[in-house]
Amino acid sequence: MKFVIANWKMNGDFELVNQMMSEIGKGRECCKVIVCPPAALITSFKGFEHDLGAQNSFYEEKGAFTGENSPKLLKDIGCKYVILGHSERRAIFQESDELIFKKWNAAIRFGLTPIICIGETLEERSRWKEVLSAQLANYCADKSLDLQGTIFAYEPVWSIGTGKVPSMQEIEDAIGFIKDVIGAERNYYVVYGGSVNGSNSAEILNIHGLDGVLVGSASLKVSDFKTIIGNASV
Ligand code: 13P
């Protein structure tokens, strides 16, 4: 069963929520659809037939952390997943691997399944293995650490929002490398994100070893998103 994860980023409104609710009902698809809207829209998805995720959560349950979202509260309002360490959070909000790992621990503690984003920038492209290894190090130091179904999203930063997608072989190599680094016999998944759309999703979803896709801008267009869901269901 493939994952089709929508990251709306700081986009969407009540109209888009209603459109998604009415058009992306439980059909005959056999993939796992997860929608991650802005936190302020999560409770508007009342009765949604798919799973919901947040785009970030803090590493404490509650307290004097103005502006942060509690993983416990996100769970209480219906989230099952949370995206952590997206490249936009790493770049704009200076999130480090250590901070992301603290958030990972808290998410697990409160019953959210983390979606951990990793990926190299254009400048780091020639040494992508080193970059991915460093971003994965906290999850691999102790191979007996229970990853509890964590979804690792390989998102090359240079592919996000650019329309540039690595070759299918490059994605397959990166997925294989990530699995080698994390190790077999552990409880996790690996998906790809970066300029996934209705037209390229069939080919991407066919990549050996890939568990699904994380979709940005195309997840804001209901027809594109439906096409991707259809391609993940074959
Ligand atoms: P795009 O699909 O818009 O390239 O964004 C990918 C992404 O960042 C998903 O988290």
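Both ligands and their constituent atoms are indexed starting at 1 by order of listing.
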Whether D211 and K2 form a salt bridge (side-chain N of Lys/Arg under 4.0 Å from carboxylate O of Asp/Glu) is what I want to check. no

Indicate every side-chain donor-acceptor pair of residues 166-176 with a distance under 3.5 Å to a residue at least two apart or in another chain.
| unit_1 | atom_1 | unit_2 | atom_2 | d |
| --- | --- | --- | --- | --- |
| S167 | OG | E170 | N | 3.0 |
| S167 | OG | E170 | OE1 | 3.4 |
| Q169 | NE2 | D173 | OD1 | 2.9 |
| E170 | OE1 | R125 | NH2 | 3.3 |
| E170 | OE1 | S167 | N | 2.8 |
| E170 | OE2 | R125 | NH2 | 3.2 |

Would you say K80 has more than 12 foreign heavy atoms packed within less than 6.0 Å of its NZ? no

Going by distance alone, is a donor N or O of one side chain under 3.5 Å from an acceptor N or O of the other, for E120 and W158? yes

Pairing donors with acceptors under 3.5 angstrom, does anything connect the side chains of S133 and E130? no

Quick check for students: name every N or O atom pair between ligand 1 and the protein closer than 3.5 Å, with distances.
| unit_1 | atom_1 | unit_2 | atom_2 | d |
| --- | --- | --- | --- | --- |
| ligand 1 | 2 (O) | G216 | N | 2.9 |
| ligand 1 | 3 (O) | S217 | N | 2.9 |
| ligand 1 | 3 (O) | S217 | OG | 3.2 |
| ligand 1 | 4 (O) | G161 | N | 2.7 |
| ligand 1 | 4 (O) | S195 | N | 2.8 |
| ligand 1 | 5 (O) | K9 | NZ | 3.3 |
| ligand 1 | 8 (O) | K9 | NZ | 2.8 |
| ligand 1 | 8 (O) | H86 | NE2 | 2.8 |
| ligand 1 | 10 (O) | N7 | ND2 | 3.0 |
| ligand 1 | 10 (O) | H86 | NE2 | 3.0 |
| ligand 1 | 10 (O) | E155 | OE1 | 3.2 |
| ligand 1 | 10 (O) | E155 | OE2 | 2.9 |

Flag the pair K103 and E95 as a salt bridge only when some basic side-chain nitrogen lies within less than 4.0 angstrom of an acidic carboxylate oxygen. yes

